[in-house]
Amino acid sequence: MSGLSYWERTYGDHFFDILIVGAGIVGLNAALSCRERYPDARIGVLDKGMLSVGASSKNAGFACFGSPSELLDDLKNHTEAEVTALVAKRYQGIQALRAKLQDEQIDFELNGSYEVFQTNQKSEFKACASQLDYLNRLLYPVFEQDIFELRPLDFGMQSVLNEGIFHRLEGQLNPVKMMLGLKQLAQAQQIEIVSNYEVKAFELQGEQVEVKGPKTLKCSQLLIATNGFSSSLLAEHSVDILPARAQVLITKPIKGLSLKGTFHLDKGYYYFRNIDGRILLGGGRNCDFQAETTDRLELNSKIQNRLDELLAELFGLSEEDVEYRWAGIMGTGHQKTPIVTSLNKNIHYGIRLGGMGVALGTELGADLAQCVSL
Ligand SMILES: Cc1cc2nc3c(=O)[nH]c(=O)nc-3n(C[C@H](O)[C@H](O)[C@H](O)COP(=O)(O)OP(=O)(O)OC[C@H]3O[C@@H](n4cnc5c(N)ncnc54)[C@H](O)[C@@H]3O)c2cc1C
């Protein structure tokens with residue numbers, strides 16, 4: 001017995017023109033862009049979760065493009081042109097998102113960001129500060145201004161240098177409001193969003209793709225937007241994608257918390273911000289890369305302990321001040337650049353957004369939709 005009603009069983013008997021696997025920021029944006037290109041197509045988005053299980057609703061809500069130490073680190077493994085293109089894609093992605101959804105709807109605030117350095121990171125600070133002119137020149141074509149500047153830090157933090165590196169165009173938002181807004185847009189465009197549908201496999205049969213899950217569905221074009229969960233679905237296709245778990249904690253409300261903006265530390269491996277008078281602090285994957293290469297939504301005590309230590313070092317707070325912790329799954333690989341490509345003329349995927357998918361997702365979804373040919 002499948003447990004499905006007659007109506008559930010017969011749903012999807014009719015052919016979909018386009019099916020998208022994954023209702024995260026990429027999948028929903030791909031669906032919206034497909035609708036623009038194909039106003040009359042039947043478009044469905046399948047997700048294994050009730051709400052998204054993925055990173056799009058579990059992230060820290062940073063609208064960010066890369067801190068100086070992270071960009072300098074990236075330049076060791078990528079060319080200047082690749083790094084500039086990636087930063088441009090992130091920046092354009094946030095602009096495209098803000099063109100789709102109102103700032104008030106997603107609590108978008110353009111408060112800027114700081115890269116901060118702990119007192120034991122003086123040499124890292126000097127190395128970054130000495131490269132600011134270079135980074136500003138490199139990124140001038142993207143931001144049309146010198147984007148990084150040194151600024152005094154005065155947010156009541158402890159054990160940090162009293163100067164940080166400010167980026168005036170980085171912002172912050174509420175990821176769940178973003179996802180709800182995208183879902184509303186999709187539903188208003190007659191895009192069918194199907195929850196609790198886990199795609200187990202897919203197969204090209206002539207001109208059709210058969211999608212196997214709780215019920216077999218058929219489509220002409222299949223778009224895969226499963227990011228950190230892609231390795232099993234794409235196992236046969238040697239794709240450079242690995243799951244990367246990311247962990248976050250949030251404190252209880254803190255009286256007089258004056259943090260404003262978003263904050264990066266240590267090549268982007270740690271980040272924090274103020275949300276409703278609480279500190280959200282995340283990161284630490286670099287403490288245990290091996291264990292964090294997983295798509296299991298569990299907490300890792302080694303990393304949570306490191307986050308607790310950092311909370312104490314930066315704010316003098318203890319474990320008692322923490323209210324809640326969670327983990328989410330990102331998609332990474334040996335390169336930082338996302339992948340949008342086709343397995344054949346009917347099946348395409350857009351994945352590997354790393355830690356900046358909020359910024360990249362809108363544009364990547366649009367790029368994925370460009371692979372479709374009906
Ligand atoms: C803790 C954390 C903090 C982060 N902070 C930030 C940040 O501040 N700023 C930023 O820019 N980025 C951040 N990121 C990264 C960002 O959230 C992601 O890059 C982005 O959300 C990826 O979007 P996506 O649509 O590609 O994937 P996801 O949002 O992961 O969506 C993939 C969807 O596919 C579904 N799915 C997977 N497999 C299947 C299957 N077989 N069948 C059906 N459905 C399936 C999942 O349920 C999921 O809903 C963070 C990530 C985490 C985890």
Side-chain angles (χ1 to χ4, degrees), residues 1-35 37-38 40-50 52-54 56 186 190-243 294-296 329 331 333 338-353 364-374:
M1 270 235 317
S2 69
L4 297 178
S5 71
Y6 173 77
W7 291 275
E8 288 163 342
R9 275 170 62 108
T10 48
Y11 174 78
D13 276 357
H14 303 289
F15 192 74
F16 283 87
D17 296 297
I18 303 167
L19 273 175
I20 296 160
V21 193
I25 183 170
V26 174
L28 291 179
N29 274 296
L32 288 166
S33 295
C34 285
R35 173 59 77 225
R37 293 188 62 208
Y38 300 105
D40 300 322
R42 185 175 185 199
I43 303 173
V45 183
L46 312 171
D47 201 286
K48 66 179 177 179
M50 261 299 276
S52 163
V53 172
S56 295
Q190 279 72 51
I191 290 164
E192 298 170 41
I193 301 178
V194 184
S195 308
N196 287 331
Y197 188 107
E198 179 165 6
V199 175
K200 297 282 189 196
F202 54 86
E203 197 182 334
L204 182 62
Q205 292 187 339
E207 288 300 307
Q208 292 187 2
V209 186
E210 210 170 86
V211 179
K212 294 177 179 135
K215 169 181 171 66
T216 299
L217 300 174
K218 288 185 181 154
C219 62
S220 164
Q221 296 280 308
L222 181 70
L223 304 184
I224 298 170
T226 48
N227 202 35
F229 303 92
S230 305
S231 23
S232 54
L233 211 50
L234 293 171
E236 289 169 21
H237 304 282
S238 335
V239 179
D240 176 21
I241 181 79
L242 289 169
T294 176
D295 63 7
R296 291 161 68 108
I329 310 300
I339 319 174
V340 178
T341 193
S342 302
L343 286 178
N344 51 53
K345 65 184 175 37
N346 301 76
I347 305 172
H348 322 275
Y349 58 92
I351 55 174
R352 201 169 71 184
L353 286 87
L364 203 80
D367 291 348
L368 183 56
Q370 284 303 318
C371 298
V372 169
S373 169
L374 285 179

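A quick note: this is a predicted structure, and the numbers were derived from the prediction, not measured.
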Side chains of residues 366-374: which donor-acceptor partners sit under 3.5 Å, not counting sequence neighbours?
residue : atom : partner : partner atom : Å
Asp367  : OD2  : Lys89   : NZ           : 2.6

Give a yes or no answer on whether the side chain of Arg352 reaches the backbone of Leu242 with a donor-acceptor pair at less than 3.5 Å.
no

Gln205 atom CD: more than 12 heavy-atom contacts under 6.0 Å:
yes

All heavy atoms of Lys345 vs all of Gln221, minimum pair found to be O-NE2, 3.0 Å

Taking atom CZ of Arg37 as the centre, report whether more than 12 heavy atoms of other residues, nucleotides or ligands fall under 6.0 Å from it.
yes

Quick one: does Gln208's side chain have a donor or acceptor within less than 3.5 Å of a partner on Glu203's backbone?
no

Within the distance-only criterion (no hydrogens, no angle test), does the side chain of Asp17 pair as donor or acceptor with the backbone N or O of Arg42 below 3.5 angstrom?
yes

Should Glu207 and Lys218 count as an ion pair when the cut-off is N to O under 4.0 Å?
no

Of all heavy-atom pairs between Ile329 and Pro243, which one has the smallest distance, and what is that distance?
CG2-CB, 4.1 Å

Drop me the distance from Leu343's CG to Leu234's CG, to the nearest 0.5 angstrom.
6.5 Å

Quick check for you: to the nearest 0.5 Å, what is the distance between Ile351 atom CD1 and Thr341 atom OG1?
10.0 Å

Taking the side chain as every heavy atom from C-beta outward, state whether Leu223 and Val26 have any atom pair closer than 4.5 Å.
no

Taking NZ in Lys212 as the centre, count heavy atoms belonging to other residues, nucleotides or ligands within less than 6.0 Å. Is the count above 12?
yes

Looking at every non-hydrogen atom in both residues, tell me the closest pair between Leu364 and Pro338 and how far apart they are.
CD1-CB, 3.5 Å

Write down the atom of Phe202, the atom of Ile347, and the distance for their closest heavy-atom approach.
CD1-CD1, 3.7 Å

To the nearest 0.5 Å, atom CD of Glu192 lies from atom CG of Leu46 at 10.0 Å

Contact summary for Leu28 and Ala186, nearest pair of heavy atoms:
CD2-CB, 4.4 Å

Would you check if the side chain of Tyr349 reaches a backbone N or O of Thr226 as a donor-acceptor pair within less than 3.5 Å?
no

Return the minimal non-hydrogen interatomic distance between Ser220 and Val209, and the atom names on each side.
O-CG2, 3.9 Å

